[in-house]
Number of protein chains: 2
Amino acid sequence: MDAELVRSLSPRRPAGKREQTKVQNRHLILEAARRVFAELGYGATTVRDIIRATPLASGTFYNYFKSKEEVFQAIQDESALRIRPRLHEERAKAATIEEFISGTFLTFFEFVAEDQANFRALRRSTDALHVRMDTPEIIAGFEELRQDIVAATEKGLFPPVDADFLMAAMVGVAFEVAERMLRRSDRGPAEAAAFATALFMGGINALPAGRMGGANGGGA
Amino acid sequence: MDAELVRSLSPRRPAGKREQTKVQNRHLILEAARRVFAELGYGATTVRDIIRATPLASGTFYNYFKSKEEVFQAIQDESALRIRPRLHEERAKAATIEEFISGTFLTFFEFVAEDQANFRALRRSTDALHVRMDTPEIIAGFEELRQDIVAATEKGLFPPVDADFLMAAMVGVAFEVAERMLRRSDRGPAEAAAFATALFMGGINALPAGRMGGANGGGA
DNA sequence: CAGGACCGTGACACAACGTCAACTTTTGCG
DNA sequence: CGCAAAAGTTGACGTTGTGTCACGGTCCTG
């Protein structure tokens with residue numbers, strides 16, 4: 001009786017054992033999946049590979065996820081869930097277009113740099129192939145950006161742009177430049193954000209002067 | 001003897017029967033794959049599904065491709081092979097930055113609109129997931145863009161920009177805006193290209209005024 | 001402490017994978 | 001033209017992955 005009372009009143013659950021293992025199992029699976037995806041690549045990984053990297057039985061896996069796609073989604077969503085509020089907040093407090101833009105890009109690129117392990121490993125697949133997957137949570141993040149643009153426009157911050165296309169452009173630049181940034185040692189989040197911000201603020205002619213080539217001298 | 005002589009001299013092969021069916025089988029597989037990918041989505045498709053959509057035996061499939069990934073690659077590469085020269089030519093004859101930029105985007109968006117069947121179906125997977133895959137031929141296209149930017153810079157056309165990041169930014173905008181364009185009925189290649197060009201020429205403030213929201217009033 | 005709810009377990013039936021020995025068709029050559 | 005070697009196709013097969021479910025153990029509730 002006391003136990004129940006305490007549990008219901010306490011803000012942080014002492015957690016029944018049942019619930020505890022549920023959280024733990026989910027975590028075990030996601031951790032294992034991260035390792036396996038990183039090692040084999042997303043495409044080559046099978047549900048069985050993930051299960052084997054876990055102390056659990058195959059049936060248990062299916063109590064938590066329907067497929068490897070769902071596991072992948074969950075991993076991506078975890079990242080998206082961590083960064084989405086930061087991005088939104090950054091834009092909410094922006095007083096100028098430039099703050100809106102640079103805040104968004106800098107936050108994103110810094111996150112990517114920290115989160116490199118997830119971001120990069122999960123995008124590397126077999127061979128030279130590169131797979132990108134937009135999960136519901138990520139799509140929600142895009143939609144939030146669009147709405148933030150609309151809101152900024154209504155506040156008179158932005159000119160009356162096509163919010164849908166502008167959102168798409170920002171998303172495209174963010175992901176593609178982030179990827180390049182990770183492959184280069186001579187450019188970090190600050191430089192990437194400066195580049196993207198200058199592009200959106202004034203176009204090509206406003207871009208900071210940079211080395212003309214890329215970092216990769218070799219390659220095909 | 002005559003046969004051999006004719007074959008070796010003639011520029012267009014009368015084609016041995018062997019070689020003929022080889023081309024045909026490859027085509028059969030790719031056509032079947034296009035249909036199956038479009039119907040089931042890339043992720044859900046199995047090699048067996050593709051084979052079943054073909055009059056061939058399973059062993060034959062493996063004479064042509066190692067996996068569904070390779071089939072997918074071949075399909076993508078076919079598209080890339082069609083558009084790459086057009087893009088390069090467009091940029092080669094550009095006398096100003098604006099021609100370079102708008103030529104690239106307009107050509108790309110027009111291609112996407114024509115090629116919609118391939119472009120869209122192949123990117124739709126199960127549920128709301130969206131998969132993008134960069135094949136060697138596509139990567140080569142990116143590299144070509146980078147080199148064209150370097151060349152344009154050396155001709156004094158471009159300011160001394162970071163060609164690597166600029167290439168990434170253009171690629172990101174191209175793909176992401178293309179995707180949006182396809183989902184909207186109120187914007188075609190011309191509008192999409194105008195948008196992207198204005199963005200790169202002068203940043204947000206130079207963008208054409210557009211409806212602020214997107215086309216999709218509903219959604220999540 | 002008992003009974004029930006909950007959930008982990010691994011064996012199972014089924015489907016997909018990639019291979020290979022046997023077979024068929026084409027080609028090169030006398 | 002005919003024949004032997006080369007090339008290519010076929011589908012059955014062993015193997016591996018898939019998703020389910022009846023069983024059994026553990027935790028919760030009263």
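So that the names make sense, note that chain A is the first sequence line, chain B the second, and so on, each numbered from 1.
Here CD of B/Gln24 is found 9.0 Å from CG of B/Leu56. Values are rounded to the nearest 0.5 Å. A/Phe72 contributes atom CZ, which lies 10.5 Å from atom CD1 of A/Ile50 (distance to the nearest 0.5 angstrom).
Mapped onto DNA chain C by nearest heavy atom, B/Thr46 and B/Thr21 fall at different nucleotides, with B/Thr46 at the one closer to the 5' end. When the nearest nucleotides of DNA chain D are assigned to A/Thr60 and B/Thr60 by heavy-atom distance, the more 5′-ward of the two goes with B/Thr60. For the pair A/Ser58 and B/Ser58, nearest-nucleotide mapping onto DNA chain D gives the more 5' position to B/Ser58.
Here the P atom of nucleotide D/dT26 and the CG atom of A/Asn25 are 15 Å apart, to the nearest Å. Here C/dG8 presents its P atom at 13 Å from CD of A/Gln20, a figure rounded to the nearest Å. Distance, B/Glu69 CD to C/dA16 C1': 14 Å, rounded to whole Å. When rounded to the nearest whole Å, the span between CD1 of A/Ile51 and P of C/dT9 equals 11 Å. Put simply, CG on A/Asp49 is 13 Å from C1' on D/dT18, counting in whole angstrom units. Going from atom CD of A/Glu70 over to atom P of D/dG19 covers 11 Å, rounded to whole Å. If you measure from atom CZ of A/Arg48 to atom C1' of C/dA15, you get 13 Å, rounded to the nearest angstrom. Computed from coordinates, the A/Ile29 CD1 to C/dG8 C1' distance equals 11 Å when rounded to whole Å.
Remark: A/Lys17 is not in phosphate contact with D/dT26, judged by side-chain N or O atoms under 4.0 Å from OP1 or OP2. The phosphate of D/dT10 (OP1 or OP2) has no side-chain N or O of B/Tyr62 nearer than 4.0 angstrom. Applying the 4.0 Å criterion to OP1 and OP2 of C/dG8, one finds that A/Asn63 has a side-chain N or O inside that range.
Within 4.0 Å (heavy atoms only), B/Tyr64 reaches sugar-phosphate atoms of the nucleic acid but no base atom.
Nearest nucleotide to the side chain of A/Ala57, out of D/dT9, C/dG10, D/dG19: C/dG10. Counting only heavy atoms from C-beta on, B/Leu56 has its side chain closest to D/dT10 among D/dT10, C/dG18, C/dT9.
The distance between the ring centers of A/Phe105 and A/Phe195 does not fall below 6.0 angstrom.
Judged by atom type and distance alone, A/Arg18 does not reach the base of C/dG8 through any side-chain donor-acceptor pair under 3.5 Å. With hydrogens and angles ignored, no donor-acceptor pair under 3.5 angstrom links the side chain of A/Arg52 to the base of D/dG17.
At least one donor-acceptor pair closer than 3.5 Å links the side chain of A/Lys68 to the backbone N or O of A/Gly43.
Note on A/Asp115 versus A/Arg82: salt bridge recorded, some NZ/NE/NH1/NH2 to OD/OE distance being below 4.0 Å.
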